[in-house]
Participant: 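Have a look at this one.
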Amino acid sequence: MDHIVLLICLFPIVFMLHDFEEIIMQQRWMERNADELSRRFPVLRKQIMQLRELSTTGFAIAVAEEFIIINGVSVYAVLSRHYFLWMALFLAFGIHLLVHVGQFVLLRKYIPAIVTSLLCLPYAVYVCYFFYSTGLFTAMDFLLGGILGVFIMVLNLKLAHALGRRLDALI
């Protein structure tokens with residue numbers, strides 16, 4: 001198997017391993033920590049309360065929506081050999097991992113997904129190194145891809161969580 005194909009195909013697997021920890025731990029952790037988070041970070045109170053109210057089922061639905069997108073973009077990248085959109089989503093995932101590390105450092109206690117964030121970071125760094133060192137991506141490509149990826153991630157996160165809440169209410 002081509003090395004690029006392997007790296008691309010690993011992304012959905014790594015994403016799900018990471019998100020399994022979040023799915024399993026998020027609701028209970030938020031129930032226990034939402035009040036403290038709201039006190040410490042009042043500017044994020046609305047987002048904290050929305051996460052607190054999101055059930056495990058709702059969160060899993062949101063993750064499933066993201067997983068479908070990542071799989072579709074990964075298949076497209078492998079078949080077309082056009083990697084920019086895939087890299088944009090991958091960079092958003094990498095930034096997501098770094099956010100978890102930042103949360104862990106800031107809160108100084110376990111947060112959902114810190115274990116898998118630390119385990120996934122070497123893969124993320126290696127993928128970026130590989131795509132850069134082989135000349136497939138320049139520093140400017142990474143910058144533009146990162147901006148696009150974060151933009152897509154923020155918009156899709158709102159959609160995925162709304163979808164999770166709606167479908168959870170129907171179930």
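All of these numbers come straight from a predicted model, not from anything done at the bench.
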Participant: Side chains of Leu44 and Leu37: closer than 4.5 Å at any heavy-atom pair?
Facilitator: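 Sidechains of Leu37 and Leu44: no contact.
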
Participant: Is there a side-chain contact between Gln47 and His161, using heavy atoms and a 4.5 Å cut-off?
Facilitator: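 Result no, sub-4.5 Å side-chain heavy-atom pair not found.
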
Participant: Are Met16 and Phe67 close enough that some pair of their side-chain heavy atoms sits under 4.5 Å apart?
Facilitator: yes

Participant: What pair of heavy atoms forms the shortest contact from Phe130 to Leu7, and how long is it?
Facilitator: CD2-CD1, 3.6 Å

Participant: Which pair of non-hydrogen atoms, one from Ile48 and one from Met30, has the smallest distance, and what is that distance?
Facilitator: O-CE, 3.3 Å

Participant: Using a 4.5 Å cut-off on heavy atoms from C-beta on, say whether the side chain of Ile114 contacts that of Ile111.
Facilitator: yes

Participant: Could you state whether Ile95 and Tyr83 fall into the same hydrophobic cluster, counting links through intermediate Ile, Leu, Val, Met, Phe, Trp or Tyr residues with side-chain heavy atoms under 4.5 angstrom apart?
Facilitator: no

Participant: Is it true that the side chains of Asp35 and Ser38 contain a donor and an acceptor less than 3.5 Å apart?
Facilitator: no

Participant: For Asp168 and Gly164, indicate whether the former's side chain and the latter's backbone hold a donor-acceptor pair under 3.5 Å.
Facilitator: no

Participant: Is there a path from Tyr76 to Phe84 through hydrophobic residues (I, L, V, M, F, W, Y) whose side chains come within less than 4.5 Å of each other?
Facilitator: no

Participant: Should we count NZ of Lys109 as having more than 12 external heavy atoms under 6.0 Å?
Facilitator: yes

Participant: If I compare all heavy atoms of Ala92 with all of Gly149, which pair ends up nearest, and what's the gap?
Facilitator: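 So the two residues come closest at CB-O, 3.4 Å.
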
Participant: Do Val127 and Val75 share a hydrophobic cluster, counting only Ile, Leu, Val, Met, Phe, Trp and Tyr and linking them when any side-chain heavy atoms are less than 4.5 Å apart?
Facilitator: no

Participant: Atom CZ of Arg165 and atom CD of Gln50: how far apart are they, to the nearest 0.5 Å?
Facilitator: 5.0 Å

Participant: Sub-3.5 Å donor-acceptor pair from the side chain of Asp141 to the main-chain atoms of Thr138, do we have one?
Facilitator: yes

Participant: Give a yes or no on whether Phe151 atom CZ has more than 12 heavy-atom contacts from other residues, nucleotides or ligands under 6.0 Å away.
Facilitator: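 Check fails, neighbour count at 12 or below.
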
Participant: Start with the C-alpha distance between Thr134 and His3, add both sets of side-chain angles, then the distance that settles side chain to side chain contact (heavy atoms under 4.5 Å, CB included), and finish with yes or no.
Facilitator: CA-CA 11 Å; Thr134 57; His3 194 63; over 6 Å; no

Participant: Nearest 0.5 Å, please: how far is CG in Leu167 from OG in Ser55?
Facilitator: 10.5 Å

Participant: Please confirm whether the ring centroid of Phe90 lies under 6.0 Å from the ring centroid of Tyr123.
Facilitator: yes

Participant: Rounded to the nearest 0.5 Å, how far does CD1 of Ile152 lie from CG of Leu159?
Facilitator: 12.5 Å

Participant: Can you confirm whether or not the ring centre of Phe137 sits under 6.0 Å from the ring centre of Tyr132?
Facilitator: no

Participant: Would you give the length of the straight line joining atom CZ of Phe11 to atom SG of Cys120, rounded to the nearest 0.5 angstrom?
Facilitator: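 Taking CZ in Phe11 and SG in Cys120, the distance rounds to 10.0 Å.
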
Participant: Quick one, Thr56 and Gln26 - any side-chain contact, counting heavy atoms below 4.5 Å?
Facilitator: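 No, side chains not in contact.
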
Participant: Do the side chain of Asn33 and the main chain of Trp29 share a donor and acceptor less than 3.5 angstrom apart?
Facilitator: yes

Participant: Looking only at non-hydrogen atoms, find the nearest pair between Arg40 and Leu107 and report the distance.
Facilitator: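 Answer, listing the atom of Arg40 first, then Leu107: NH1-CD2, 3.5 Å.
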
Participant: How far does CG of Leu106 sit from CD of Gln103, to the nearest 0.5 angstrom?
Facilitator: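 Between atom CG of Leu106 and atom CD of Gln103 there are 8.5 Å.
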
Participant: Heavy atoms, side chains only, cut-off 4.5 Å: are Leu91 and Cys128 in contact?
Facilitator: yes

Participant: For the residue pair Phe131 and Ile4, what are the closest heavy atoms and their distance?
Facilitator: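 Closest approach of Phe131 to Ile4: CZ-CG2, 4.0 Å.
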
Participant: Go through it in stages, so that I can follow the logic: the residues are Met25 and Val115, the test is side chain to side chain contact (heavy atoms under 4.5 Å, CB included), and I'd like the CA-CA distance, side-chain angles, deciding distance and then a yes or no.
Facilitator: CA-CA 11 Å; Met25 304 302 288; Val115 174; over 6 Å; no

Participant: Can you tell me how far apart CE (Met153) and CG (Leu148) are? Round to the nearest 0.5 Å.
Facilitator: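 Spacing of CE (Met153) from CG (Leu148) equals 11.5 Å.
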
Participant: Under 3.5 Å, is there a donor-acceptor pair between the side chain of Glu66 and the main chain of Ile61?
Facilitator: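 No.
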
Participant: Hydrophobic clusters here meaning ILVMFWY residues chained together by side-chain heavy-atom distances under 4.5 Å, can you tell me if Leu98 and Phe15 are in one?
Facilitator: yes

Participant: Under the side chain to side chain contact (heavy atoms under 4.5 Å, CB included) rule, what do Trp86 and Ile70 come out as? Steps first, then yes or no, please.
Facilitator: CA-CA 8 Å; Trp86 180 87; Ile70 287 170; 5.7 Å; no

Participant: State, yes or no, whether a side-chain contact exists between Val14 and Leu119 at a heavy-atom distance under 4.5 Å.
Facilitator: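 Val14 does not reach Leu119 side chain to side chain.
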
Participant: Please answer: with hydrophobic residues joined when any side-chain heavy atoms are less than 4.5 Å apart, are Leu118 and Phe20 in the same cluster?
Facilitator: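 Per the 4.5 Å side-chain linkage, Leu118 and Phe20 are co-clustered.
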
Participant: Should Met87 and Leu136 count as side-chain neighbours, where that means a heavy-atom distance under 4.5 Å?
Facilitator: no

Participant: Under the side chain to side chain donor-acceptor pair (under 3.5 Å) test against Thr116, which residue among His18, His100, Glu22 passes?
Facilitator: His18

Participant: Taking the side chain from Glu65 and the backbone from Ala160, do they hold a donor-acceptor pair closer than 3.5 Å?
Facilitator: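 Judged by distance alone, no pair lies under 3.5 Å.
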
